[in-house]
Amino acid sequence: MPTGLWAANLSKVIMSQNNLTGTLPDQVPFNITILDLHKNQFYGEIPEDIGSLPSLQSLILSENCLSGWIPDTVSGLKALTTLNLSYNQISGEIPVSIGKISTLQSLSFAGNQISGWIPDSLLGLQSLITLDLSQN
């Protein structure tokens with residue numbers, strides 16, 4: 001997706017259930033609150049820069065073809081309430097740093113290739129209502 005597509009005042013991007021392809025953009029508007037790209041054909045890794053979006057409340061990248069690790073930089077998403085990376089090809093362990101997102105209410109990594117231990121840091125997520133780690 002070309003980065004020139006973004007308008008500076010854009011705050012919500014909802015492009016779910018299309019046939020969009022390519023890698024995820026590594027630069028999105030700084031003030032974005034919702035990024036919903038679920039059920040497309042995006043591939044590659046989640047960009048490290050994803051953690052530099054202080055206003056992001058909802059990140060939904062489920063049902064794509066994403067691979068690689070979950071970057072530790074997601075802990076920079078201090079306003080995040082929903083993180084859904086389910087049904088991709090993401091591997092590795094759940095980053096301990098996710099336990100730093102105190103606003104997180106819904107966390108789903110279902111249907112990936114997540115392995116290892118569930119970090120103790122998730123126990124400190126007082127706002128967490130839904131945790132779905134099924135089918136890993």
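Computation of the quantities below employed the complete heavy-atom set of this structure, encompassing side-chain atoms and omitting hydrogens, waters and symmetry-equivalent molecules.
Counting only distance, with no hydrogens or angles, the side chain of N40 and the backbone of N64 share no donor-acceptor pair below 3.5 Å. Not a single donor-acceptor pair under 3.5 Å links the side chain of T33 to the backbone N or O of S55. Between the side chain of S108 and the backbone N or O of S86 there is no donor-acceptor pair closer than 3.5 Å. Of the possible polar contacts, none joining the S67 side chain to the Q89 backbone as a donor-acceptor pair under 3.5 Å is found. Under the 3.5 Å distance criterion, the side-chain polar atoms of D72 are left unmatched by any main-chain donor or acceptor of S97. Side-chain N or O atoms of N112 include none that pairs as donor or acceptor with a backbone N or O of S91 at under 3.5 Å. Checking side-chain atoms of T73 against main-chain N and O of D49 turns up no donor-acceptor pair under 3.5 Å. Although no hydrogens or angles enter the test, the distance criterion places no donor-acceptor pair under 3.5 Å between the side chain of N31 and the main chain of S11.
The side chain to side chain contact (heavy atoms under 4.5 Å, CB included) test with I34 is passed by exactly one of I60, L56, I14: I14.
The shortest non-hydrogen separation linking E93 to W69 is N-CZ3, 3.7 Å. Contact between L83 and L80 at its shortest, heavy atoms only, is CB-CD2, 3.8 Å. Contact record, I101 with S75: CG1-CA, 4.0 Å, taken as the closest heavy-atom pair. L125 and I98 make their closest contact through CD2-O, 3.9 Å (heavy atoms, listed as atom of the first residue, atom of the second, distance). Contact detail for F42 and T23: the closest heavy-atom pair is CD2-O, 4.0 Å. Annotation for E45 and G68: closest pair CG-CA, 4.1 Å, computed over non-hydrogen atoms.
Of the inter-residue distances, the one linking S52 atom OG with L77 atom CG reads 8.0 Å to the nearest 0.5 angstrom. Taken from CG in L128 to CG in L123, the straight-line distance is 10.0 Å, to the nearest 0.5 Å. For the atom pair CD1 (I129) and CD (Q105), the distance works out to 4.5 Å, reported to the nearest 0.5 Å. Interatomic distance, L66 CG to Y43 OH, rounded to the nearest 0.5 Å: 11.0 Å. Annotation: the span from C65 atom SG to Q41 atom CD amounts to 4.5 Å, rounded to 0.5 Å.
Looking at heavy atoms from C-beta onward, L24 lies in side-chain contact with L61 at the 4.5 angstrom threshold. Between L10 and I32, every side-chain heavy-atom pair lies at or beyond the 4.5 Å cut-off. Between I94 and L133 there is a side-chain heavy-atom pair separated by less than 4.5 Å. Counting heavy atoms from C-beta on, the side chains of K39 and S16 never come closer than 4.5 Å. Between H38 and N84 there is no side-chain heavy-atom pair separated by less than 4.5 Å. No side-chain heavy atom of K78 sits under 4.5 Å from any side-chain heavy atom of T103.
Linking ILVMFWY side-chain heavy atoms closer than 4.5 Å, directly or via other members, places I70 and V96 in two distinct hydrophobic clusters. Hydrophobic clustering keeps Y87 apart from F109 (ILVMFWY residues linked when any side-chain heavy atoms are closer than 4.5 Å, directly or through intermediates).
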